[in-house]
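Reviewing the structure listed below.
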2 protein chains.
Amino acid sequence: MSSEPTSRAERRERTRARILTAARDLFAENGFDRTTIRAVATAAATDPALVMRYFGSKEELFRQVAEAGAEPPIEGSPGRVEDLLLAALRDKLTTGDTGTLALLRSMLTHPAAAEGVRQSITEQQRQVAAGLGGEDAMTRAALVGMITLAAVLGRDLLKLEGLHGADPEVIIELLRPAVQTLIR
Amino acid sequence: MSSEPTSRAERRERTRARILTAARDLFAENGFDRTTIRAVATAAATDPALVMRYFGSKEELFRQVAEAGAEPPIEGSPGRVEDLLLAALRDKLTTGDTGTLALLRSMLTHPAAAEGVRQSITEQQRQVAAGLGGEDAMTRAALVGMITLAAVLGRDLLKLEGLHGADPEVIIELLRPAVQTLIR
DNA sequence: GTCTATACCGGGATAGAC
DNA sequence: GTCTATCCCGGTATAGAC
């Protein structure tokens, strides 16, 4: 019957989701180049041909894995901007957002990933710089963006001693004064 | 004669150096995985077999390219530590140290590069943390390390608008207060 | 629609000619 | 000692059986 608990379309969707999850994990762990379609298929308990059928290419699979959910806008008084920035950082540190990690993991070696990160930061940068004024507003905003990014890098990707597994709240409160010096 | 202006050993050394330089540039630009022995050989105006003969493996070639010159020790009063940290950053930003860039470029995707960066930062971290005291000294030191690293990343690797090509001195003076909040 | 088998390419590494 | 030719592996992608 077509009204069974697991219809064909439903199964199809489940498989697709399984592939996506497996790909996210592997891309986040090993980056684009070192992740193979074969490994993704194995991890998702299917086969390489199916992965290709669903996503067309490894490039496209990565694109779908790494596409960023829209960030809330950063605006308002300096104090509010500071809070919003740190809230965004908290979000990245607490939700083990594997999609973002996948993007970050490859940002230095994969052109598309680099472009994704660049756009994301540039967008944030403009918003922060808008409320700043001054000659070096864009530079300050860029540094703030890089600092929050660096926190994620050190904690979740490089896993530095003293940062790896550290309480996000501790990191945020340590960074708060530093951020203030740049966007005050 | 064996006393010619360019002896065999001399020529050999020049070729070796040319390969090393070419490799540095390519590794810094494209990372470990996307750099091929063939491309290195072409850029150095030799052939792949010679590269292998001199360095044994791609891994070893990378190791020699990325091996860090010893950093000056970071110690003394908080003010002095701050100056030393920022001086080290200035050094990275001014000398287009391609060897360091090669290491940083691959730190998220190549295990050996990750380990190299981790050790380098950890070393600095211990020195900074030693003069700090307090519960979260290592975390603060790690954040400082990541912040200076982030500056190089944003300016020279990601080439963010507002940071790409920015005057090192400007970056340093903008970061100084931020660093102070963490190591005071 | 799903999977097996394979084509095809480009990589690192090596053997042997000169 | 230097380079040509080649091996072999593992990658993405595809064709075709079920």
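Letters go in sequence order (proteins before strands), and every chain restarts at 1. Note that the structure is a prediction, hence the values are computed from the model and not measured. As a basis for the values below, the full set of heavy atoms in this structure was taken, side chains included, without hydrogen atoms, waters or symmetry mates.
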How close or far is atom P of dG10(C) from atom CZ of Arg34(B), stated in whole angstroms?
15 Å

Between CG of Asp47(B) and P of dA13(C) the distance, given in whole Å, is 15 Å

Donor-acceptor under 3.5 Å (Arg140(B) side chain, Leu182(B) main chain)
yes

Reported CG-to-CE distance for the pair Leu104(B) and Met107(B), which is rounded to 0.5 angstrom:
5.5 Å

Name the closest nucleotide to the Thr46(B) side chain, picking from dA13(D), dC3(D), dG11(D).
dC3(D)

Rounded to the nearest angstrom, tell me the gap between atom CG in Leu26(B) and atom P in dG12(C).
12 Å

Quick test of your reading of the model: are Asp83(A) and Arg176(A) salt-bridged, counting only N-O distances below 4.0 Å?
yes

For Met52(A) and dG16(D), give me the distance from atom CE to atom C1', rounded to whole Å.
16 Å

Pick base, sugar-phosphate or nothing for Arg12(B), based on heavy-atom distances below 4.0 Å to the nucleic acid.
nothing

For the side chain of Thr36(B), counting heavy atoms from C-beta on, which of dA13(C), dG11(C), dG11(D) is nearest?
dG11(C)

Send over the distance from Glu13(B) CD to dT2(D) P, rounded to a whole Å.
12 Å

Return no unless some side-chain N or O of Arg53(B) is found under 4.0 Å from OP1 or OP2 of dG1(D).
no

So, is Tyr54(B) near the phosphate of dG1(D), with a side-chain N or O under 4.0 Å from OP1 or OP2?
no

Among dT4(C), dT4(D), dG11(D), find the nucleotide with the atom closest to the side chain of Arg38(A).
dG11(D)

For Thr35(A), answer base if it contacts any base atom (sugar-phosphate contacts may also be present), sugar-phosphate if it contacts only those atoms, and nothing otherwise; contact means non-hydrogen atoms under 4.0 Å.
sugar-phosphate

Which atoms form the tightest heavy-atom contact between Gly162(A) and Thr139(B), and what is the distance?
O-OG1, 2.8 Å

Here the distance between atom C1' of dT12(D) and atom CG of Asp33(B), to the nearest Å, is 16 Å

Please confirm whether the backbone N or O of Ile74(A) pairs with a side-chain atom of Gln127(A), one donor and one acceptor, at under 3.5 Å?
yes

To the nearest Å, how far apart are Ile37(B) CD1 and dT6(D) C1'?
17 Å

Round to a whole Å and report the spacing from CG of Leu50(B) to C1' of dG1(D).
8 Å

